[in-house]
Amino acid sequence: MMIRTDHTLLQTALDAAGVSAAEITDHPQLGTLVVLADSGMTPTALAALKAAGFEQLIDTFGADIDGQVQATYRLRSLSLNVDVTLRTQLDYGATLRSVTDSYASALLAERELCEMFGLTLTGHPNPKRLLTIDGAPPFLRKEVGLRTKEELWQNS
Amino acid sequence: MRGLPTGIFKSLRIAFKNLFRPNMVIQYPKQRAIIPERARWAVEIKPAQDGSHRCQACRICEGACPHHCIKLDITTAEDRSKHIDHWWFDRGSCMMCGLCVEACPFDAIRMGHDYELAHADPALLVLDLLPDTPAYVRPKPARPVDPNAGDTDA
Amino acid sequence: MAEQLTQDTTPDTSLDILRDLTADSTVEVVSAEELAAGYENAGWLTPDGTPPAGITVPRNIRRIADDPHQLTTDHYLLNMGPQHPSTHGVLRVVLELDGERIMSSEAHVGQLHRGIEKLAETRRYGQLGSLFDRADYVSGIHTELALALATEELAEIEVPARAQWLRVLMGEINRCASHYLWMGPTGLDSGAMGIFLFMMYDREKWLDILEEVTGQRMMFNYVRPGGVIADITPRAVQLIDEYLAEADARLDEHWDNLYESEIFQQRTQGIGVVTKQDALDFGASGFILRASGVDWDLRRDRPYSAYDRFEFDVMTRDEGDIYARMVCRLDEVRQSHRIIRQCLAGLPEGDYMAKLPKVLRVPAGEACGIVEGPRGELAVHIYADGSDKPLRAHIRPPTQYALNIADTVLPGQLLADAIVSLGSFDFCFGEVDR
Amino acid sequence: MAMWLKALLFALVGIVVMLVNGAFIIYMLRKVLGHAHLRLGPTELGPAGLAQLIPDILKLLTKEDRHPNQTDKWLYCLAPIIVFVPSLTAFAFIPYGEKLVAANPNLGLLMMIAFLSVVPIGIFAAGWASRNKYALIGAMRSVGGAISYEIPLLLAALAPVMLSGSANLSDIVHAQAGGIWYILPCLPSAVIFFLCAQMETNQTPFDMAEAEGELVAGFSTEYSAMRFGFMYLSEFAGNFTMAALIATLFLGGWTLPGVDPATMGVFGPVVLVLKTYLVIFCFMMVRGNFSRYRVDQYAALGWKKLIPITLGWTLLLAVILKVLQMVGLWGGWS
């Protein structure tokens with residue numbers, strides 16, 4: 001059960017940083033959820049949230065939902081003991097702007113995200129593949145299939 | 001290294017003490033560790049009272065296995081009774097999660113306690129657990145015995 | 001001790017000789033240009049697939065500059081791992097060395113990538129546990145628990161009290177086993193052979209108990225959505241009682257054996273320091289955060305399962321070095337013993353599993369289960385679409401975030417320290433690569 | 001001609017005894033470490049696993065003699081010999097009894113340490129020729145260690161020389177047979193000599209050149225089969241020689257207190273070997289339990305602590321001896 005965050009705090013921080021089109025809602029399971037319409041604004045929004053007291057970027061990951069890549073950032077303020085989840089949508093093959101300037105914890109996670117969903121990465125100090133070799137498909141996209149049971153038994 | 005290095009002498013004292021303590025190893029091929037009742041190793045057929053098997057070829061275990069390491073070759077006769085040709089079990093890809101045993105409604109299989117499963121030849125890892133089933137399985141089996149009341153997984 | 005160490009870390013004669021000899025010899029010395037050439041075919045995620053302009057490789061957050069007072073020599077690359085005996089799994093670190101001093105380091109992971117998150121999309125909720133055990137293979141109970149918490153939150157399952165307590169009990173036992181698998185090998189990294197075996201004895205005791213209750217020693221598949229799969233047995237209670245009677249005395253002996261040894265203290269105090277700010281920035285969690293002086297424990301601050309019913313202390317240290325992490329985790333084992341004792345004393349009666357349908361269908365939505373694993377915050381994030389399989393399941397690997405810090409901490413140390421420093425973050429490559 | 005034959009026979013017997021001895025020390029190491037770690041060590045072959053040596057040696061002999069590309073071929077083949085021969089030769093200077101000493105020069109102590117000092121050169125050659133960065137780092141550490149630790153080693157050995165008035169090992173033993181063992185009057189020297197001997201033979205708190213956790217196998221990373229076997233044996237032969245030297249210098253050698261050296265006869269060698277194995281046992285207990293020094297701490301310990309301490313102690317001992325001689329409590333050298 002996520003702990004909800006004060007919306008006005010977030011709204012003020014995001015407005016001050018000039019991040020428009022950010023929708024702040026309460027998700028029943030995830031707690032407070034900020035959805036950014038423009039994925040290019042992610043670094044700005046995260047920098048603003050860091051200034052607002054969210055010290056840690058806990059988690060960075062993506063998901064392939066309805067033909068789009070959904071990048072999710074989970075932030076935490078240890079002093080206030082609250083979480084906030086920030087989310088943005090990207091098209092396949094789009095460019096993800098790195099947030100490592102404000103949160104160094106995204107260093108490896110962003111590389112994995114881009115590699116696994118076939119995105120390109122800008123603004124990262126070391127934008128290389130992390131887990132797989134060159135030429136491997138972006139595995140976590142829905143179109144990449146796995147071996148079926150029959151294929152498995154055929155091989156063995 | 002201010003003063004005397006007393007810490008390393010404590011460490012040495014323990015080492016000398018250990019020379020006179022009983023050892024803590026199990027000499028594997030001669031002594032065996034105690035295998036608990038619940039230990040899960042390779043899948044095996046659980047024999048019924050009379051030594052026969054209880055498999056009704058329902059294929060639930062096949063569906064329950066995450067790694068697809070169980071495969072049943074079943075022939076259905078004209079009277080809709082089933083005959084198990086092979087009960088393939090791929091020991092090499094089995095991860096001993098026990099889901100097939102939990103799923104089995106007839107209490108026909110169990111997780112064995114034989115843990116020396118290594119083979120030099122990978123072909124030997126695929127076993128036929130029911131190689132010579134004598135007769136057709138009746139089309140309508142008796143009421144299933146649920147082995148596990150808390151069983152929830154498919 | 002502290003000023004002693006800073007004084008001692010000045011390069012000594014043998015290092016200077018090494019520098020002289022590598023300057024003009026047949027030994028392979030790689031220049032910056034050659035380095036760049038060798039790295040060209042790495043998979044860049046940049047728009048045109050080439051290295052970004054202005055990047056000299058290996059490019060890292062922290063790089064040590066050459067000391068102008070020393071003889072200027074070429075640096076050379078040392079490829080440590082994945083077959084190196086002390087990188088704890090399949091970590092490969094490319095070190096740029098000047099003599100024995102590390103100028104920069106770059107960690108390469110992925111050798112254990114098995115696509116667990118992709119495989120999870122083809123598994124039913126009941127089958128996920130046995131897969132997620134393989135992610136962090138040292139603390140399977142915790143990953144299963146995080147998964148179960150997320151699933152239960154989505155499916156709105158009420159978990160019986162006894163199951164909650166059993167989860168805590170098994171989780172703490174697994175935490176002890178996991179801590180021992182780290183403290184012993186850290187001693188071994190620094191060269192002490194005995195402590196590794198003694199700590200393995202303790203780990204074996206805990207693993208025996210886990211095997212008795214769950215059926216396996218490491219891949220438990222024990223915690224399921226709705227409860228746990230089996231009740232605790234009388235023999236397990238007896239085994240726990242027998243071991244707990246000697247457990248604290250054994251911890252004292254480990255303390256005398258390793259922690260009090262002056263050589264070990266010299267090797268670990270003031271080495272591999274993670275400052276409080278670094279720990280927060282790099283997303284460290286768990287014992288790294290606590291050893292750097294941040295008082296944060298998810299068991300206390302975000303109580304899950306039945307942790308709000310237990311009394312335990314959150315152990316913190318301020319130094320942030322390897323020794324602080326070692327002490328912090330030894331103290332955590334003591335606290336785990338406390339929790340296990342409370343668990344056995346107050347285990348409530350009742351069911352250990354909620355009544356659930358045979359095939360669990362989870363309503364559409366997403367949820368996140370967060371637990372305090374032995375290595376830090378372990379979270380499982382699930383996207384459900386109403387079917388019996390998740391649309392996407394993500395594991396938050398604590399040590400992948402700790403690996404961010406490693407590249408920052410290693411530069412400036414000597415090669416020997418690098419081994420202990422790397423080991424002190426307790427990487428588990430099963431979960432870093434997944 | 002007969003003399004040549006005798007010398008040859010002597011050398012042959014010495015080499016065989018030394019090889020078997022080295023193999024036995026390996027067995028002993030595994031047993032002692034095993035029991036110190038609450039496990040058993042080898043148990044299967046022969047009584048208490050004693051015959052485990054035979055398959056071990058057979059394994060080393062029958063493994064492929066791998067020769068990595070791009071190594072310096074001559075040096076690569078030569079290095080194990082350079083490592084092995086001096087550690088065997090140094091064995092010749094140990095007195096085992098009244099007459100049982102292969103070579104008895106006046107400066108026996110110096111000769112012995114000089115031969116042992118050749119070993120790091122062989123180790124360095126091995127690391128250099130291997131063309132492996134780990135091996136090279138190990139080799140460099142070994143040389144750095146030799147520089148740091150041979151000075152305190154020799155300085156510590158000066159104390160018995162001062163007390164006995166001779167650098168001849170037999171004389172030192174005889175001087176102790178008449179009085180007390182030198183470990184009592186010069187305990188600091190004995191301790192420092194023990195530490196330096198551990199370094200000299202690459203034992204764990206100081207096993208810089210090998211440092212398994214850091215450098216894989218250090219200088220011997222690229223060696224296989226019997227070439228590796230030679231390096232390995234040489235380590236334990238050196239171990240034995242060093243321990244025998246400690247027994248000779250500080251523990252009375254082949255004599256026993258209160259027993260006339262002339263009546264020792266055949267028991268001399270037995271007594272020495274027992275004392276030597278006691279020292280080796282201490283080496284092993286230290287080896288099994290301690291963390292390894294870091295390379296700079298290790299050099300700092302040698303230069304900043306051991307050398308000043310031994311210098312000061314040697315000076316102090318000299319002054320004390322002179323004063324005692326003047327007062328008449330010490331008779332001086334006979």
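Note that the structure is predicted; figures quoted are calculated from it, not measured. Naming: A, B, ... by sequence-line order, numbering from 1 per chain.
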_Tell me whether C:K276 at atom NZ has more than 12 heavy atoms from other residues, nucleotides or ligands lying less than 6.0 Å away._
no
*Side chain, backbone, both or neither of C:I395 within contact of chain A (heavy atoms, under 4.5 Å)*: neither
_Can you confirm whether A:D64 sits close enough to A:Y92 that some side-chain heavy atom of one is under 4.5 Å from a side-chain heavy atom of the other?_
yes
_Does C:E156 have more than 12 heavy atoms from other residues, nucleotides or ligands lying within 6.0 Å of its CD?_
no
*Please check if atom CG in C:D308 has more than 12 non-hydrogen atoms from other residues, nucleotides or ligands closer than 6.0 Å.*
yes
*Below 4.5 Å from any heavy atom of chain C, which atoms of A:L119 appear? Answer side chain, backbone, both or neither.*
backbone
*With chain A, which of C:I405, C:L391, C:L154 has the greatest number of heavy-atom pairs at distances under 4.5 Å?*
C:L391
*Taking C:R114 for its side chain and C:R134 for its backbone only, find out whether a donor-acceptor pair lies under 3.5 Å.*
yes
*Name the member of C:P398, C:P397, C:A379, C:A367 that forms the most heavy-atom pairs with chain A at distances under 4.5 Å.*
C:A367
*Polar side-chain atom of A:N81 near backbone of C:D301 as donor-acceptor pair, under 3.5 Å*: yes
*chain C contacts: which residues in residues 47-63 of chain A have a non-hydrogen atom closer than 4.5 Å to it?*
A:K50, A:E55, A:Q56, A:L57, A:I58, A:D59, A:T60, A:F61, A:G62, A:A63
*Kindly say whether A:V99 contributes a backbone atom to a donor-acceptor pair with the side chain of A:E110 at under 3.5 angstrom?*
yes
*Could you label the plane-to-plane angle of the C:Y383 and C:H381 rings as parallel, tilted or perpendicular, counting under 30° as parallel and over 60° as perpendicular?*
tilted
*Interface moiety of C:A150 toward chain A, non-hydrogen atoms closer than 4.5 Å*: neither
*Does any donor atom in the side chain of A:T85 or A:R74 lie under 3.5 Å from an acceptor atom in the other side chain?*
no
*Using modelled atom types only, decide if a donor and an acceptor are shared between the side chain of A:R97 and the backbone of A:T95 within a distance under 3.5 Å.*
no
*asked:* Can you tell me which portion of C:L149 sits under 4.5 Å from chain A's heavy atoms? Options are side chain, backbone, both or neither.
replied: neither
*asked:* Among C:G365, C:G115, C:G283, C:A279, which residue has the highest count of heavy-atom pairs closer than 4.5 Å to chain A?
replied: C:G283
*Checking C:E377 against chain A: side chain, backbone, both or neither under 4.5 Å from a heavy atom?*
side chain
_Quick check on the interface: out of A:K142, A:M116, A:E115, who has the most heavy-atom pairs with chain C under 4.5 Å?_
A:K142
